[in-house]
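The first residue of the sequence shown is numbered 1, and numbering continues consecutively from there. When a ligand or atom number is given, it counts from 1 through the structure's own listing order.
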Amino acid sequence: MSSELPPFRILVLNAGSSTLKYASFEGIESVSQGTIECKEQEIPSAVESLLKGRPWDAIAFRVVHGGSHLIAPTLITDKVLQELEQTIPLAPLHQPPAIAAIRTVGDLHPHVPRIACFDTAFHATLPECEKRFAIPDRFYREGIRRYGFHGLSYESIASQLPSISQRAAAGKTVVCHLGNGASLCGLEHGISRYTTMGFTPIDGLIMGTRCGRLDVGVAIHWLRNGMEVQTLETMLTKESGLHGLSGGISDMRSLVANASQDPRCALALDMFCGTVAKEIAAAATALGGLDGIVFTAGIGENSSVVRQRVIERLAWLGAALNDEANSKKDLSIHSQSSSVEIFRISTDEQRVIASHTVDFLRQSHGESHRDA
Ligand code: ADP
């Protein structure tokens with residue numbers, strides 16, 4: 001019987017600037033996962049070690065930027081790889097490690113399908129007024145616009161919301177993806193209508209080492225005074241954010257631990273939480289209302305202090321936490337009197353990628369009988 005066929009064996013690779021995260025799946029059931037600390041030049045050997053030992057039906061990749069055209073899960077061909085190479089300037093920290101992993105798999109296993117899933121794809125539904133910058137019209141047509149990122153994470157949350165809250169799933173919900181990289185997404189019925197990251201993942205919230213929103217006049221000032229473009233990029237992506245404000249600490253656990261003794265850490269924490277709260281309000285304005293707030297990713301899922309500081313600042317709109325539920329890390333953390341539902345939900349980007357890959361394999365095999 002066809003149902004006895006084994007599920008697809010899928011390896012998901014998420015290559016970053018200092019780590020290679022991996023997860024293996026049978027269908028969409030997670031089998032194993034882990035993180036390998038490695039620099040970009042070490043990615044080929046790390047990927048090679050992961051590929052050993054078992055045959056794979058597909059290898060799937062998280063790719064941060066799909067540019068203007070790549071908005072659906074895509075089989076990676078030479079042409080697609082060329083298109084991805086062209087997006088490197090749009091996400092110089094993220095694209096090169098992903099491309100290195102993709103190339104390594106192609107070299108070692110040229111016949112295994114490679115599938116790319118894009119963080120930008122989820123935001124294809126942004127309305128034009130949220131996509132555009134107020135710059136001359138012709139640049140929009142050249143692709144200079146807000147793309148938005150963390151889309152696989154937002155897709156994971158949107159897919160979980162219906163089983164958690166009908167109001168948040170069907171209504172206007174702001175998801176706060178707070179990790180080393182951080183952004184917000186305003187969802188309306190699970191669809192992206194507002195997001196804080198822009199043309200690149202530098203924009204928006206204050207992040208671990210990225211500055212977030214910055215007056216472009218500052219960059220013009222530095223360039224006019226002779227700063228090299230590479231220095232500017234390094235400053236804004238690797239030396240700014242929490243790291244820059246605190247004098248070297250980008251890890252939220254250390255910032256919270258040091259905030260009572262070190263005013264720089266206290267300021268960094270305060271600015272981070274304040275910016276998140278202000279952006280939730282901006283997202284709610286763009287959505288025209290607010291039914292739910294979701295916290296996710298490393299800081300969002302784990303830091304009760306950050307959640308508390310953010311929601312305190314939104315007391316004016318009636319948002320209120322249940323302090324005990326917040327500190328116990330419950331799923332539902334709003335108080336009974338809160339005007340807005342508030343949740344702490346674990347994101348699972350790898351599972352989203354595995355699910356897209358199963359769909360892709362089913363379609364391309366022309367079969368619907370293999371287990372998901
Ligand atoms: P990324 O995937 O963008 O590298 P993560 O989602 O893994 O980032 O989040 C990393 C952040 O989560 C770090 O700032 C780290 O300090 C924070 N974090 C992890 N665990 C905790 C915790 N228990 N309390 C507070 N912050 C935490």
Going through the checks in order, is the side-chain hydrogen bond (donor to acceptor under 3.5 Å, both in side chains) test met by Ser192 and Thr125? CA-CA 6 Å; Ser192 174; Thr125 49; 4.6 Å; no
Give the table of side-chain donor-acceptor pairs shorter than 3.5 Å for residues 263-275, with sequence neighbours excluded, one pair per line with atom names and distance.
| residue | atom | partner | partner atom | Å |
| --- | --- | --- | --- | --- |
| Arg264 | NH2 | Asp262 | OD2 | 3.4 |
| Asp270 | OD1 | Arg313 | NH2 | 3.1 |
| Thr275 | OG1 | Met271 | O | 2.6 |

For residues 36-46, tabulate all N or O donor-acceptor pairs below 3.5 Å that involve a side-chain atom, not counting sequence neighbours.
| residue | atom | partner | partner atom | Å |
| --- | --- | --- | --- | --- |
| Glu42 | OE1 | Lys39 | N | 2.7 |
| Ser45 | OG | Glu42 | O | 3.1 |

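Note: His334 and Phe343 meet the aromatic proximity criterion, with ring centroids under 6.0 Å apart.
Ligand 1 lies under 4.0 Å from heavy atoms of Lys21, Gly179, Asn180, Gly181, Ser250, Asp251, Met252, Arg253, Ala297, Gly298, Ile299, Asn302, Ser303.
Applying the side chain to side chain contact (heavy atoms under 4.5 Å, CB included) test to Ala158 and every residue at least two apart in sequence or in another chain returns Phe122, Leu187.
Considering Glu130, Lys172, Glu188, Glu279 in turn, Glu279 is the only one that fulfils the side chain to side chain donor-acceptor pair (under 3.5 Å) rule with Tyr194.
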